[in-house]
Number of protein chains: 2
Amino acid sequence: MNVPRHKIAPQCAECPIRHKAVCARCDADELEQLDRIKYYRSFEAGQTIIWSGDKMDFVGSVVSGVATLTQTMEDGRTQMVGLLLPSDFVGRPGRDGAPYDVLATTDIVMCCFRKIPFEKMMNETPHIAHRLLEMTLDELDAAREWMLVLGRKTAREKIASLLCIIGRRDASLTPGGHGDTMEFDLPLTREAMADYLGLTLETVSRQMSALRKDGVIELRGKRHVIVPDTGRLMDVAGDDSDGGLYG
Amino acid sequence: MNVPRHKIAPQCAECPIRHKAVCARCDADELEQLDRIKYYRSFEAGQTIIWSGDKMDFVGSVVSGVATLTQTMEDGRTQMVGLLLPSDFVGRPGRDGAPYDVLATTDIVMCCFRKIPFEKMMNETPHIAHRLLEMTLDELDAAREWMLVLGRKTAREKIASLLCIIGRRDASLTPGGHGDTMEFDLPLTREAMADYLGLTLETVSRQMSALRKDGVIELRGKRHVIVPDTGRLMDVAGDDSDGGLYG
DNA sequence: TCACCCAGTTGATCTGTGTCAAGGATCAGG
DNA sequence: CCTGATCCTTGACACAGATCAACTGGGTGA
């Protein structure tokens, strides 16, 4: 489950898709092709990037900021089914409709590729198709790991699991065990955390307070989190896995 | 979300991988190649097919019977993260370890392919890689849909959602709306249903009884289910989608 | 400076589901 | 026929988390 992330090659820093999504080896030809069909889009915090069911004419990846994938029932109950952090890929090659809403939770910049030429390129470049399969398998693992969180963990464990994931992604890419510390800003409101965890925002708030009281985390303001002992947080999360979700 | 299933071409009936997993067009060459690396395995109900973390040296698909993918926490809490019905694919091309336990819930026959030659064939046949990407995207959609069930639905809605999925897969492939009926055998114990739904077996039993009392379902014995009005069951499931999960 | 607003916190109470326990139905083997 | 095993059902009660409601703190604009 612990997929090491590629280091960002200097020439690829601008657009994550180059190394993460598609071009693991930064093949010059492929980069040039990608460059030709690439464009950027910005969204403000709270804006909807795509509505569920809309036709999606692009694929792309997050350059900066955070977005979420959410599903909503008729009566308004919502469940977040994915978290998009920088370098994560969005879009379904070969599919037309978006299966869920994509929402910007912070200001966000995306690097997009028009879908038709991207698919054409994918068909001609087995290398890209391979990389996409691998990414999709990673996402599937993450989704299934999250099913365990949603179905069987307590509120306290859920919060700890979420903090592990965000901390791991945001703070550093080190393994993180007993003794290690983490420090990061939560890119989500309490309500968004609740939607991700299948809880209410009140329960999220209470459990955050409880973890603070127990010394598992420290809070500076409402969003900034300090984890004095990553291993302890992971123990609370009840995770025997190393928390290496989402690659 | 409603992915129509391929009709089974007569020449492909024996081994689902031919049409479903890999060979949408039944290309003769590919079939011959697949035939050479193919073998069958049987398991009895209750048997473990693969343990989480084991090296997995094959991929394959279910010919008959039902299996489940499950994750287990250290303290024994378990969550089922996938249901494998006939024609479903198992295995992660390009990955070595199994990420979860695979358990036979009924007697089951699988059609397997040794992993190395299968991957070699996949690399040489973009067609197969494509089909696998498509299947993985389907599984991802299903997993995310299930996250909504686990995170936000009530016990009653969960049961109804599960019955929809199993009924749809087992009974027929018709759309199923108001007025239509369904009839099928549950391939799962109450405990397995509970593990799939993030509930206890007692709650599953109680809600099954409640649905029976309300006339939403009828039970003949413990496992045989009759749904007099599929549309009504779907209403109880609270699903605006057509329940067309798992293809 | 004040008023307002929003995100978050905390308290009181309610309820759906878990937990524990007893008992029923079905089946296989002796 | 009885016996034990397995799976399922039902009841009584407990509790985690939901719900409803009041309040806090910090930022923004007039």
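A note on names: the letters A, B, ... follow the listed sequences, proteins ahead of strands, and every chain is numbered from 1. All values below come from the heavy atoms of this structure, side chains included, with hydrogens, waters and symmetry mates left out.
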Donor + acceptor pair across side chains of A:His224, A:Glu218 (<3.5 Å): no
Within the structure, does a side-chain N or O atom of A:Arg223 lie under 4.0 Å from either OP1 or OP2 of C:dG8? yes
Using atom CD of A:Glu191 as one end and atom C1' of C:dC6 as the other, report the distance to the nearest whole Å. 12 Å
Considering only NZ, NE, NH1 and NH2 on the basic side and carboxylate oxygens on the acidic side, decide whether A:Asp185 and A:Lys222 come within less than 4.0 Å. no
Can you check whether A:Ser205 has a side-chain N or O nearer than 4.0 Å to OP1 or OP2 of C:dG8? no
At under 4.0 Å, does any side-chain N or O of B:Thr203 touch on OP1 or OP2 of C:dG18? yes
Roughly, in whole Å, what's the span from CZ in A:Arg152 to P in C:dG18? 7 Å
Starting from P on D:dA16, measure out to NZ on A:Lys158 and report it in whole angstrom. 14 Å
Below the 4.0 Å mark, does D:dT9 have OP1 or OP2 next to a side-chain nitrogen or oxygen of B:Arg212? no
Is the distance from OP1 or OP2 of D:dT10 to the nearest side-chain N or O of B:Arg206 less than 4.0 Å? no
Below the 4.0 Å mark, does C:dT10 have OP1 or OP2 next to a side-chain nitrogen or oxygen of A:Ser209? yes
Check this for me: does any side-chain nitrogen of one of A:Arg232 and A:Asp180 sit under 4.0 Å from a carboxylate oxygen of the other? no
Relative to the 5' end of DNA chain D, which residue comes earlier, A:Lys222 or A:Arg156, by the nucleotide with the nearest heavy atom? A:Arg156
Ignoring hydrogens and geometry beyond distance, is the side chain of B:Glu202 in donor-acceptor contact with the base of C:dC20 at under 3.5 Å? yes
Taking the minimum atom-to-atom distance to the side chain of B:Leu201, which one of D:dT9, C:dT19, D:dG17 wins? D:dT9
Charged N-O contact under 4.0 Å between B:Arg92 and A:Asp138: no
